[in-house]
Enquirer: 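The structure's right below; bear with me while I get my questions together.
All values below were derived from every heavy atom in this structure, side-chain atoms included, with hydrogens, water molecules and symmetry-related copies excluded. One is the number of the first residue; the rest follow in order along the sequence. Both ligands and their constituent atoms are indexed starting at 1 by order of listing.
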Amino acid sequence: MEALQRAAQALASARNVLAITGAGISAESGIPTFRGAGGLWEGFRAEELATPEAFGRDPELVWRWYRWRRDICSKAAPNPAHVALVELESRFEEFLLATQNVDGLHPRAGSRKLIEIHGNIDTARCTKCSAILPLDDASEIPGSQVPSCPRCTGRMRPHILWFGETYWPGVLDKAFAAASRANAVLVIGTSAQVWPPAQIALQAQKSGATLIDVNPQPTEISAAADVFLQGKAGDLVPALLHACDRVCGEGIRTS
Ligand code: NAD
Ligand code: ZN
């Protein structure tokens with residue numbers, strides 16, 4: 001438990017905190033990670049479906065996969081790690097949660113200081129006029145999985161950053177700006193194989209932040225971390241919050 005204590009101390013003395021989450025934080029909510037067990041769908045790997053080329057080749061297939069994933073996400077509930085992050089957001093002068101997840105569990109748990117850097121599974125974007133809409137507002141075409149744009153009838157795609165695509169303007173700037181000011185950066189459930197988010201965490205550390213990593217498996221981030229909390233997010237993030245509160249006495253840090 002020494003590592004938990006060190007992590008709690010780093011958080012308790014921080015004014016600015018950046019949290020970065022990946023698919024692992026939602027694993028205990030029943031949403032499979034891409035690279036873990038259950039990451040395959042009908043024999044396809046995510047990297048074969050979440051690309052502009054796959055969508056160009058077979059938009060029906062890609063939408064069928066997204067509808068399956070969206071159904072899993074809508075039935076899933078936030079777990080104690082999502083809830084503990086909502087608690088953490090009010091404890092620091094500045095806080096930002098940058099998630100790679102598209103499942104919507106952070107906003108559903110109540111996180112507000114949040115950027116979903118890879119988009120959200122409940123939104124769609126028109127490939128013709130670029131309108132971004134809640135998927136429920138897109139027009140269904142009878143017999144087709146592919147929704148169409150209610151404004152221009154163009155084909156709609158999931159509003160999600162796919163493999164090989166560049167980030168939307170401004171999204172990473174916000175995360176890097178938070179990284180440069182952070183005193184502590186808390187990385188949870190990310191394999192570090194998705195590079196810009198790992199780079200944000202390492203950039204924060206370079207600028208002086210204590211890097212804390214939570215993951216049951218060692219990764220490149222845990223190897224570089226100041227504190228590696230090895231285990232499940234659902235256990236360790238609430239434990240970290242409580243340890244941080246114990247260090248702070250009554251807990252709330254507003255200045
Ligand atoms: P990944 O699938 O590459 O890795 C998940 C990481 O989570 C692994 O390192 C694993 O050891 C760890 N993990 C597993 N169970 C955990 C637990 N209980 N607690 C903490 N950590 C746990 O995921 P990634 O690095 O986030 O990257 C994959 C990409 O796929 C991301 O860009 C993300 O947008 C997308 N994705 C999103 C979701 C989602 O929205 N829930 C699900 C799958 C993939
Ligand atoms: Zn359109």
Enquirer: Report yes if some N/O of Pro216 lies less than 3.5 Å from some N/O of ligand 1; otherwise report no.
Expert: no
Enquirer: So how far is it from His82 NE2 to Thr21 OG1, rounded to the nearest 0.5 Å?
Expert: 7.0 Å
Enquirer: Hey, would you say the His159 and Trp168 ring centroids sit under 6.0 Å apart?
Expert: yes
Enquirer: Please work out the angle at the Zn ion (ligand 2) defined by atom SG of Cys149 on one side and atom SG of Cys129 on the other, rounded to 10°.
Expert: 110°
Enquirer: Can you find a non-hydrogen atom of Ala46 under 4.0 Å from ligand 1?
Expert: no
Enquirer: Is there a heavy atom in Ile31 that sits closer than 4.0 Å to ligand 1?
Expert: yes
Enquirer: Identify the closest protein heavy atom to atom 4 (O) of ligand 1: which residue and atom is it, and at what distance?
Expert: Ser191 CB, 3.4 Å
Enquirer: Would you mind checking which non-hydrogen protein atom is closest to atom 28 (C) of ligand 1, with the distance to 0.1 Å?
Expert: Arg35 NH1, 3.6 Å
Enquirer: Are Arg108 and Asp103 close enough for a salt bridge, meaning some N to O gap below 4.0 Å?
Expert: no
Enquirer: Quick check with a 6.0 Å cut-off and a 45 degree axis cone: is Arg64 positioned over the face of Trp68's six-membered ring?
Expert: no
Enquirer: Establish, from distance only, whether the side-chain atoms of Ser222 and Gln230 form a donor-acceptor pair under 3.5 Å.
Expert: no
Enquirer: For Arg57, is there an ion pair with Glu53 - N to carboxylate O distance below 4.0 angstrom?
Expert: no
Enquirer: Would Val214 count as being in polar contact with ligand 1, using the rule that some N or O on each side must be under 3.5 angstrom apart?
Expert: no
Enquirer: Between Asn79 and Ser29, does any side-chain donor sit less than 3.5 Å from a side-chain acceptor?
Expert: yes
Enquirer: To which protein heavy atom is atom 6 (C) of ligand 1 closest, and what is the distance rounded to 0.1 Å?
Expert: Gly189 O, 3.5 Å
Enquirer: Can you tell whether the side chains of Lys75 and Asp71 come within less than 4.0 Å, N to carboxylate O?
Expert: yes
Enquirer: For atom 2 (O) of ligand 1, what's the nearest protein heavy atom and its distance?
Expert: Phe34 N, 3.0 Å
Enquirer: Would you call Asp122 and Arg69 a salt bridge, using N to O less than 4.0 angstrom?
Expert: no
Enquirer: Any N or O on Ala27 sitting closer than 3.5 Å to an N or O of ligand 1?
Expert: no
Enquirer: Going by the order shown, which atoms of ligand 1 are within less than 4.0 Å of some heavy atom of Glu28?
Expert: 17 (C), 18 (N), 19 (N)
Enquirer: With a 4.0 Å cut-off, would you call Arg157 and Glu165 a salt bridge?
Expert: yes
Enquirer: Write out the residue and atom name of the closest protein heavy atom to atom 27 (O) of ligand 1, then the distance separating them to 0.1 Å.
Expert: Val194 CG2, 3.3 Å
Enquirer: Are Ser13 and Asn183 side-chain neighbours, meaning at least one heavy-atom pair lies under 4.5 Å?
Expert: no
Enquirer: Quick check on contacts: which atoms of ligand 1 are under 4.0 angstrom from a heavy atom of Gly22?
Expert: 26 (O)
Enquirer: Which of the numbered atoms in ligand 1 are under 4.0 angstrom from any heavy atom belonging to Gln217?
Expert: 11 (O)
Enquirer: Please state whether the rings of Tyr66 and Trp63 are parallel, tilted or perpendicular, taking 30° and 60° as the class boundaries.
Expert: perpendicular
Enquirer: Is the shortest side-chain N to carboxylate O distance from Glu94 to Arg181 below 4.0 Å?
Expert: yes
Enquirer: Under 4.0 Å from ligand 1, counting heavy atoms only, is it the side chain of His118, its backbone, both or neither?
Expert: side chain
Enquirer: Can you pull out the closest protein heavy atom to atom 12 (C) of ligand 1? Residue, atom name and distance to 0.1 Å, please.
Expert: Asn215 OD1, 3.4 Å
Enquirer: Quick check for you: with the Zn ion (ligand 2) as the vertex, what angle do SG of Cys126 and SG of Cys152 span, to 10°?
Expert: 100°
Enquirer: Could you check which of Ala198, Cys73, Gly24 puts a non-hydrogen atom nearest to atom 13 (N) of ligand 1?
Expert: Gly24
Enquirer: Check ligand 1 against Pro32 and write out every atom of the ligand that is under 4.0 Å from a heavy-atom position of the residue.
Expert: 42 (C), 43 (C)
Enquirer: For Gln193, is the nearest heavy atom under 4.0 Å from an atom of ligand 1?
Expert: no
Enquirer: Considering only non-hydrogen protein atoms, determine which one is nearest to atom 34 (O) of ligand 1 and report residue, atom name and distance to 0.1 Å.
Expert: Gln100 O, 2.3 Å
Enquirer: Looking only at protein heavy atoms, identify the closest one to atom 26 (O) of ligand 1 and say how far it is in Å.
Expert: Ala23 N, 2.7 Å
